[in-house]
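Each remark here refers to the structure printed beneath this line.
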Amino acid sequence: MTITEKEHQVIEEFSLFDDWMDKYNYLIEMGKTTPIIDEKFKTEQYLISGCQSRVWLSAEMADGKVIFKADSDAVITKGIVNLLIRVLSNQTPEDILATDMEFVDKIGLKEHLSPTRSNGLTSMIKQMKLYALVYKTKKEQQN
Amino acid sequence: MTITEKEHQVIEEFSLFDDWMDKYNYLIEMGKTTPIIDEKFKTEQYLISGCQSRVWLSAEMADGKVIFKADSDAVITKGIVNLLIRVLSNQTPEDILATDMEFVDKIGLKEHLSPTRSNGLTSMIKQMKLYALVYKTKKEQQN
Amino acid sequence: MNFDVEKIRKDFPALNQEVYGKPLVYFDNAATSQKPRVVIDTLVSYYSGINSNVHRGVHYLSQQATEAFEQTRDLIRDYIHAKSNSEIIITKGATDSINLVANSFGRHFFKPGDEVIISATEHHANIVPWQVICKDTGSKLKVIPTDENGNLNLDSFKGLISHKTKIISVGHISNALGVVNPIREIIRIAHQNNIPVMIDGAQGIVHREVDVQELDCDFYCFSSHKFYGPMGVGILYGREKFLEQMPPYQTGGEMIKSVTFENTTFNELPFKFETGTPNVAGVIGFGAALEYIKKIGMPDIISYEDDLLKYALKKLNNLDYLQIYGNSQERAGVISFNLKDIHPYDAGTIIDKFGIAVRTGNHCAQPVMDFLGTTGTIRASMAFYNTREEVDRLLVAIEKVKEMFG
Amino acid sequence: MNFDVEKIRKDFPALNQEVYGKPLVYFDNAATSQKPRVVIDTLVSYYSGINSNVHRGVHYLSQQATEAFEQTRDLIRDYIHAKSNSEIIITKGATDSINLVANSFGRHFFKPGDEVIISATEHHANIVPWQVICKDTGSKLKVIPTDENGNLNLDSFKGLISHKTKIISVGHISNALGVVNPIREIIRIAHQNNIPVMIDGAQGIVHREVDVQELDCDFYCFSSHKFYGPMGVGILYGREKFLEQMPPYQTGGEMIKSVTFENTTFNELPFKFETGTPNVAGVIGFGAALEYIKKIGMPDIISYEDDLLKYALKKLNNLDYLQIYGNSQERAGVISFNLKDIHPYDAGTIIDKFGIAVRTGNHCAQPVMDFLGTTGTIRASMAFYNTREEVDRLLVAIEKVKEMFG
Ligand SMILES: Cc1ncc(COP(=O)(O)O)c(C=O)c1O
Ligand SMILES: Cc1ncc(COP(=O)(O)O)c(C=O)c1O
């Protein structure tokens with residue numbers, strides 16, 4: 001599935017929720033699902049700043065695609081980062097860099113999450129794009 | 001004349017003025033009258049702070065009474081300090097210390113003069129009382 | 001008691017609003033309080049009327065503004081029972097006040113090897129400025145330890161004092177835990193050793209009556225915005241003896257007597273420590289807040305708040321999955337807690353959706369969080385306009401959080 | 001030009017009042033400006049609505065306030081064309097901004113023997129902080145001389161520059177004389193020598209369009225309250241390269257990343273330089289002022305003001321007993337003058353009684369007064385809401401002064 005297809009999937013899922021409670025329950029569920037980061041990545045280096053809870057994010061390349069993993073000490077934050085991973089992981093660096101993550105607005109994440117939090121969200125997306133950029137640059141240097 | 005008598009005199013004079021213009025013209029006149037301070041007193045030491053214009057004030061004892069002299073580079077300020085001198089000069093230190101200078105309020109000086117200015121006014125009165133205190137203390141030590 | 005909370009609530013426009021379709025419950029008062037209408041009205045009438053720059057102006061508006069500004073200084077002096085207006089310095093907030101003292105007192109009095117004592121439960125504003133000045137002057141920061149409930153250990157405190165101690169700075173009431181510190185005792189011990197004491201009263205002034213002469217503290221500071229006044233205004237009380245000796249902090253207009261390119265002489269107290277155009281509107285607005293508080297009456301406010309706090313504690317203590325911090329005999333204004341095994345951020349996010357404003361995080365008091373072994377807490381901080389019904393609503397929200405994450 | 005001054009005047013509630021029974025003429029704008037209704041309304045709606053502490057709060061009000069606060073930072077960045085929000089520091093005023101730079105830049109970059117260059121026509125706020133830091137670091141203050149009209153001498157300036165010059169700080173527009181300084185030229189020359197330049201824009205921002213990238217200045221500061229916004233808010237623009245290297249100025253909450261008693265790490269820009277609860281209401285109110293100014297349009301404002309200034313100068317020049325200062329090709333906002341042989345304080349006292357607010361004294365610029373050989377001047381400072389009729393009324397008052405003292 002492309003990023004856009006995955007985005008549509010997520011948007012569709014969220015469209016089923018009538019109220020904020022359901023959305024949060026869904027995020028909490030997402031927060032309990034894998035992929036959880038390996039303990040060795042839970043260090044300062046992988047910490048994303050700008051969130052009230054701690055979020056660690058790692059990335060690796062496999063078959064030309066970026067695989068993200070993350071964890072957080074808060075469940076809702078973990079739900080959000082897992083949602084991002086669901087959309088962005090296992091995609092090429094180029095595709096990750098190209099997307100403007102429309103779904104974040106569409107599912108009301110920005111609206112319902114504070115600037116503190118959406119700063120956290122922004123930091124997460126920024127970090128993911130940064131990883132993608134690093135891998136893209138590496139690839140180009142190898143060619 | 002006692003201080004109180006002089007105060008009444010001033011209050012009476014001011015009661016003749018209908019508007020602020022007349023009051024200021026009177027102050028300006030007062031600003032042009034003697035007693036002007038000797039040039040040798042126009043130094044930092046005799047300068048009263050807290051006024052926008054410079055005011056110098058000196059005092060000496062003669063026959064058990066305090067003689068004030070003053071000058072200012074602004075005419076209105078000089079008028080005001082001369083008004084104070086008219087009331088307070090040539091009185092005993094004890095009488096100067098005892099008065100609460102009611103006339104200042106009564107002639108509308110406080111009301112028509114800014115806090116900056118009435119600070120200046122306050123500083124002037126404070127300085128005059130300080131001189132009186134010094135002379136009173138000296139006298140007591142001599143006894 | 002002539003205290004009608006429903007009537008009082010009507011004085012605060014911001015309390016009368018809905019958030020997510022529910023009536024707002026504002027329990028973030030320790031961060032900043034809401035403002036009574038009279039404060040807002042004062043700002044409006046100031047800016048629509050006498051707005052102008054103060055001091056040195058001969059024109060009418062400037063005279064009026066200066067008078068109102070200086071009358072507020074009278075009011076503040078009177079409210080905290082300082083000896084003279086020279087001891088009341090207007091700053092931009094409690095943080096600014098502490099920076100002023102740390103800098104000006106520190107640069108003047110600290111020598112290498114000297115020591116400063118603070119406590120383990122301080123707000124960052126009463127930690128970092130001292131760290132910085134200690135580093136700059138080669139002095140050392142010492143910390144009064146606390147027990148697990150936030151009670152400072154006075155025996156250890158006595159042990160910290162030495163002839164090298166130059167100043168002691170402690171909070172009146174901890175903003176993270178709500179513990180009222182034994183500042184009288186601390187001041188008494190310090191003064192036996194001739195050491196001046198600064199009190200960070202950012203929370204203290206809000207929940208206790210303060211008489212700086214009776215307390216006998218050497219510095220006391222607080223912010224207008226936490227005490228029902230406008231933002232951008234802080235107060236520093238300082239004993240004249242020390243303020244006289246201390247060099248100016250910030251420099252510029254207003255605070256000088258004369259300037260040449262070679263030399264500058266500084267103005268008298270309190271102006272020596274006030275430079276630049278002050279926040280005239282904010283200061284006058286704070287005056288209105290003080291008048292308002294005085295009208296309601298601090299004794300009534302305190303007894304109402306204490307009662308409300310006790311009520312809330314009793315209710316919260318019934319929930320066995322709650323961990324409540326700061327269980328001290330003397331507490332005020334603040335309840336800090338966590339739901340066991342639930343991140344405060346998760347809890348706060350859900351509580352918010354009930355229209356309830358609580359704060360989550362470390363409350364700018366990371367060291368005490370570290371000590372308690374948590375990254376943060378949920379803090380409900382109350383004012384005299386909060387009610388028992390609002391506490392009940394918080395309980396409902398907490399139960400929902402437990403249900404969602406438990 | 002679509003500029004209707006009578007309509008504009010209606011936007012400013014304070015202009016619509018009488019003083020001593022006469023309609024107020026407010027000519028003390030360089031001290032502080034009046035505020036358009038939209039600014040006052042913004043304060044009211046803030047304090048009646050989203051009032052709360054910003055950053056780190058998860059609850060609704062705090063989110064709203066944070067968003068509005070940070071959007072104002074966007075607005076400011078956009079208005080002065082800074083590259084990024086990291087370069088926009090919120091302070092309490094221009095004086096605070098200059099103290100920040102003098103302290104933080106100075107302590108970091110100055111070594112004994114280094115030099116700072118300012119000009120002979122600076123406001124005390126741009127003199128004294130540099131004097132203090134020079135004294136503390138063993139550096140030297142050098143002064144660009146002026147001619148008798150307040151025009152800085154650029155040849156002398158070039159002569160002052162050396163490899164020891166660490167920073168140059170000059171005003172954009174002199175508040176005492178209204179002379180617009182050749183800051184482009186100064187910046188160009190400074191940068192040829194790799195020296196950073198700070199511009200004190202307290203008056204400049206009010207009367208000129210400012211594009212910090214095009215100006216290529218390294219620091220630019222101003223106050224909200226002189227630019228139609230609330231009191232208690234200032235702005236410091238700083239080039240990221242320098243801000244990154246500079247240590248924090250004030251310390252406490254908000255500006256830190258983590259605190260232990262042993263060590264503190266500081267937050268990123270711009271927060272590294274912002275500690276304590278900011279003046280949220282004031283900042284958001286300033287945002288409203290900027291929007292208002294943008295709506296009226298700075299080009300229209302400038303051309304109206306220039307026209308009014310020319311009108312006033314022409315009229316005043318007709319009075320042969322007037323001494324007018326600052327006769328430069330480039331002037332804005334301010335006319336400084338004296339009636340020959342009449343003390344400015346005497347004159348100001350009488351002018352006030354006509355309901356006209358002018359300022360008298362040294363305008364916090366004593367060195368330039370000393371240079372001009374006067375203890376003070378009468379300063380009429382104008383804004384785009386002033387009118388020719390008001391200038392005419394000033395003339396009547398001046399003639400009366402002449403009559404009374406002449
Ligand atoms: C040129 C100049 N610089 C600095 C200042 C200081 O501004 P503030 O008093 O708002 O800090 C002023 C205000 O008088 C000024 O005119
Ligand atoms: C105990 C304490 N000290 C200092 C401060 C700092 O106050 P401000 O942010 O108003 O400068 C606070 C506010 O959070 C506080 O609670």
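Chain identifiers are assigned alphabetically (A, B, ...) following the order of the sequence lines, protein sequences preceding nucleic acid strands; residue numbering begins at 1 within each chain.
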- prompt: Residues in salt bridge (charged side-chain N to carboxylate O under 4.0 Å, His left out) with D:Asp96, at least two apart?
  reply: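 Here the qualifying residues are C:Lys92.
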Would you check if [X] and [Y] make a side-chain contact, meaning some heavy-atom pair closer than 4.5 Å?
X        : Y        : value
D:Val128 : C:Phe266 : yes
C:Ser48  : D:Arg37  : no
C:Thr95  : D:Glu254 : no
D:Asn279 : C:Asn279 : yes

Contact summary for [X] and [Y], nearest pair of heavy atoms:
X        : Y        : answer
D:Val44  : C:Val44  : CG2-CG2, 3.2 Å
C:Tyr60  : D:Asp352 : N-OD1, 2.8 Å
D:His55  : C:Arg359 : O-NH1, 3.4 Å
D:Thr360 : C:Val58  : OG1-CG2, 3.6 Å

message: Before you tell me yes or no, could you show the steps for C:Ile118 and D:Phe261 under side-chain contact (heavy atoms from CB on, under 4.5 Å), namely the whole-Å CA-CA distance, both residues' side-chain angles and the distance that decides it to 0.1 Å?
response: CA-CA 10 Å; C:Ile118 61 171; D:Phe261 288 118; 3.8 Å; yes
field: Side-chain (C:Gln250) to main-chain (D:Asn99) donor-acceptor, under 3.5 angstrom
entry: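 Checked: no pair found.
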field: Backbone N/O of C:Thr32 and side chain of D:Asn51: donor-acceptor pair under 3.5 Å
entry: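 It does not hold such a pair.
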Working to the nearest 0.5 Å, report the span between [atom1] of [X] and [atom2] of [Y].
X        : Y        : atom1 : atom2 : answer
C:Tyr26  : D:Leu61  : OH    : CG    : 7.0 Å
C:Thr260 : D:Gln366 : OG1   : CD    : 8.0 Å
D:Ile40  : C:Tyr46  : CD1   : OH    : 11.0 Å
C:Asp136 : D:Arg107 : CG    : CZ    : 7.0 Å

- request: Examine whether an atom of D:Pro248 lies under 4.5 Å from a heavy atom of chain C, and if so say whether it belongs to the side chain, the backbone or both; otherwise answer neither.
  value: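 Neither part.
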query: How are the rings of C:Tyr249 and D:Tyr249 set to each other: parallel, tilted or perpendicular (split at 30° and 60°)?
result: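 The arrangement is parallel - the two ring planes meet at less than 30°.
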